[in-house]
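What follows is one structure encoded as structure tokens, with my remarks underneath.
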Amino acid sequence: MSIRTISTQPFQDQKPGTSGLRKKVPVFQQAHYLENFVQSIFDSIAAPKNATLVLGGDGRYYNREAIQIILKMAAANGYGKVLVGRGGILSTPAASCVIRKYKTFGGIILSASHNPGGPKEDFGIKYNSANGGPATETVTEAIFARSRTITQYSILDAADVALDALGASTLGDMRVEVIDPVSDYAELMESIFDFAAIRNLLNGGFRIRFDAMHAVNGPYAQEILERRLGAPAGSVMNAVPLEDFGGGHPDPNLTYAHELVDIVYGDHAPDFGAASDGDGDRNMILGHHFFVTPSDSLALLAANATLVPGYKQGLAGIARSMPTSAAADRVAQALNIPCYETPTGWKFFGNLMDAGKVTLCGEESFGTGSNHVREKDGLWAVLFWLNILAVRKQPVESIVREHWAKYGRNVYSRYDYEGLPTDAANGVMQHLKDSFATLVGKMFGKYSVKFCDDFSYTDPVDGSVSKGQGVRIIFTDGSRIIFRLSGTGTEGATLRVYLEAFEADVARHHLDAQVALAELIQIALQISELGSRTGREQPTVIT
Ligand code: G1P
Ligand code: ZN
């Protein structure tokens with residue numbers, strides 16, 4: 001076996017977004033494309049000789065090929081050991097768990113999260129650091145910079161590694177350990193949650209449905225929910241991971257998880273429903289004929305955290321991304337703990353958790369997590385809910401309604417306009433920024449604009465500043481409209497409009513979110529000129 005040094009030329013499009021480098025599979029299949037990026041990672045992270053890496057992905061199309069390339073490149077670049085999930089599989093939270101548990105130098109995760117998979121669909125790669133979390137912006141910028149100047153990469157000339165049986169082998173001087181992708185993660189979950197209480201709940205006839213959406217969490221959910229917690233077989237649906245996710249869009253929201261939504265709103269609805277995404281880090285929580293918004297879910301987990309053994313000492317603080325509703329802020333205030341508002345993207349939570357400033361964090365985009373790992377964690381959120389339900393013995397809906405009665409309700413919805421011409425989407429954002437001065441003080445029906453800005457964040461731990469994180473229009477009653485361009489889309493531009501109205505009046509808590517937000521939606525369309533500037537009347541997805 002020999003190391004080959006291969007001459008290459010930079011590609012101009014290897015800029016990692018909020019969740020790593022995401023492109024269509026054919027882009028990744030170009031000669032040297034993946035290799036250039038992997039070498040750029042290795043050149044930028046300055047691992048000591050014989051360092052250990054974790055490697056795994058969500059099993060989507062091109063996962064296996066990419067794993068083999070990365071293993072051979074790691075061997076050629078002086079790594080001592082790679083822990084790789086069996087079959088090349090590791091959910092994103094499980095990869096984070098394994099990096100932390102075995103104190104590895106870092107890890108490479110292959111996923112395009114909730115984006116569809118298949119020969120013409122999306123693939124992605126990202127680097128996570130020793131804390132188990134996504135690389136900081138400094139590291140991703142260094143990787144990008146390296147990708148612009150790269151001239152060669154190294155790869156071991158060797159046969160493929162067998163990935164389907166547990167055990168160790170060698171690749172040149174490097175050791176490859178194929179590990180069970182589920183067991184370390186399942187053990188961590190058992191150490192946090194009251195499995196005995198959840199087992200009792202499930203034995204008592206409480207019915208659950210978990211939709212794995214033919215994505216990575218199928219085997220995790222079957223092991224934990226069915227085998228360890230005793231949910232009846234079949235409680236986990238679409239449990240077999242498929243390279244193309246069965247042709248679906250593995251995003252756990254009301255639009256894409258419609259199969260589950262139909263079940264929980266149907267005649268024989270279970271008591272609890274949940275789903276997770278392609279790589280297992282997102283979650284959607286449903287009750288009997290009831291949807292819990294991710295923003296409310298974060299607030300509820302925080303308010304009930306001490307019912308869970310892993311959090312019985314209380315929370316150090318909470319963090320939420322800027323577009324996430326302020327429901328969690330109200331809980332933080334009541335608990336007298338800090339609530340941090342960060343830019344969109346999980347990486348901003350890492351510093352806060354490493355510094356011990358926050359325990360729970362969440363995003364409106366169906367992401368919730370805690371300091372148990374450094375990624376959001378879909379199945380963890382499901383277990384957190386089940387633990388609360390096992391202790392409180394009330395339906396999901398009444399727990400949420402009691403919460404609103406106590407804290408008020410932050411009525412919330414997000415409108416996504418996908419695949420817009422980039423110029424038009426940029427035009428909407430620029431127009432909004434140009435309008436700040438004229439908007440402040442303006443009345444729109446009962447809403448009066450108090451403040452507008454383009455959100456900027458100074459990290460309280462390292463002082464780094466992230467500018468241009470989204471336009472905020474904040475009204476005097478606390479209601480908000482946020483406009484933001486997606487950083488994860490792979491086609492054209494996606495404009496997200498986030499709407500939030502604070503409703504203290506219990507008599508109005510039964511209102512459908514779209515009804516309660518109707519006026520704010522009109523205001524958003526009016527001030528942004530979205531319709532005329534993009535030619536788009538209706539959003540692609542409403543959540
Ligand atoms: C989206 C979500 C964001 C999340 C990211 C990765 O990013 O909005 O909250 O962190 O996916 O899952 P966006 O496309 O909005 O940039
Ligand atoms: Zn994901």
Side-chain angles (χ1 to χ4, degrees), residues 15-22 56-60 90-96 109-117 122-126 128 133-134 137 140 212-213 215-217 220 241 245 249-253 256-257 275-284 293-295 298 319-325 341-350 361-369 373-381 412 414-420 425 429 455 466 468-471 482-498 539-541 543:
K15 189 168 178 59
T18 39
S19 314
L21 181 67
R22 282 198 197 156
D58 64 11
R60 67 180 57 227
L90 277 174
S91 76
T92 292
S96 185
I109 304 177
L110 304 174
S111 170
S113 188
H114 50 285
N115 292 0
D122 289 356
F123 190 75
I125 172 168
K126 69 169 181 169
N128 278 29
E137 219 145 321
T140 54
M213 302 188 85
V216 77
N217 254 351
Y220 293 83
F245 308 115
H249 197 135
D251 200 0
N253 60 38
Y256 295 127
S276 59
D277 72 332
D279 61 331
D281 58 356
R282 293 186 173 194
N283 75 90
M284 175 167 68
T293 71
S295 294
L298 173 64
R320 63 162 174 87
S321 68
M322 181 274 281
T324 304
S325 95
E341 184 176 35
T342 64
T344 295
W346 206 259
K347 63 185 172 202
F348 293 97
F349 297 138
C361 44
E363 296 192 279
E364 48 63 41
S365 53
F366 298 85
T368 335
V373 289
R374 291 294 181 274
E375 291 278 2
K376 56 192 170 238
D377 190 342
L379 211 40
W380 167 90
Y412 192 84
R414 181 176 110 178
Y415 282 38
D416 295 333
Y417 299 80
E418 295 174 355
L420 295 178
M429 295 302 288
F455 182 60
S466 304
Q469 298 294 322
V471 163
I482 314 290
F483 297 87
R484 221 192 116 248
L485 291 177
S486 157
T488 61
T490 49
E491 260 164 291
T494 295
L495 180 68
R496 306 201 195 283
V497 184
Y498 309 81
T540 328
V541 179
T543 35

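Atoms within each ligand, like the ligands themselves, are counted from 1 in listed order.
- Between H114 and ligand 1, a contact under 3.5 Å exists for no N or O pair.
- Centred on the Zn ion (ligand 2), the OD1 atom of D281 and the OD2 atom of D277 lie at an angle of 100°, reported to 10°.
- The side chain of S19, and not its backbone, has at least one atom closer than 4.0 Å to an atom of ligand 1 (non-hydrogen atoms only; side chain from C-beta on).
- A salt bridge does not link R496 with E364: none of the charged nitrogens is closer than 4.0 Å to a carboxylate oxygen.
- Below 30°, between 30° and 60°, or above 60°: for Y412 and Y498 the angle between ring planes is between 30° and 60°, a tilted geometry.
- In summary, the side chains of D416 and T494 do not present any donor paired with an acceptor at a separation below 3.5 Å, with no hydrogens or angles considered.
- By the 3.5 Å distance cut-off applied to N or O atoms, R22 is not counted among the residues near ligand 1.
- The aromatic rings of Y415 and Y417 sit tilted, their planes meeting at an angle between 30° and 60°.
- Here the closest heavy-atom approach between residue S466 and residue F348 is recorded as OG-CE2, 3.3 Å.
- Nearest heavy-atom pair across L21 and K15 is CD1-O, 3.8 Å.
- Of the listed options T344, T494, T92, T344 places a heavy atom closest to atom 3 (C) of ligand 1.
- The distance from the Zn ion (ligand 2) to the nearest N/O/S atom of D279 is under 2.8 Å.
- The ligand atoms of ligand 1 that sit less than 4.0 angstrom from a heavy atom of R282 are 1 (C), 2 (C), 5 (C), 6 (C), 11 (O), 12 (O).
- For ligand 1, one of its N or O atoms has an N or O atom of R484 under 3.5 Å away.
- The distance from ligand 1 to the heavy atoms of R414 drops below 4.0 Å at these ligand atoms: 8 (O).
- Using 4.0 Å as the threshold, G345 has a heavy atom nearer than that to some atom of ligand 1.
- One of the N, O or S atoms belonging to S113 lies under 2.8 Å away from the Zn ion (ligand 2).
- Within the set E418, E363, E375, the minimum heavy-atom distance to atom 4 (C) of ligand 1 is found for E363.
- Note on E341 versus R320: salt bridge recorded, some NZ/NE/NH1/NH2 to OD/OE distance being below 4.0 Å.
- Contact atoms of ligand 1 toward G487: 13 (P), 14 (O), 16 (O) (distance under 4.0 Å to a heavy atom of the residue).
- At a cut-off of 3.5 Å, with distance as the only test, a side-chain donor of N217 or S276 sits close to an acceptor on the other residue.
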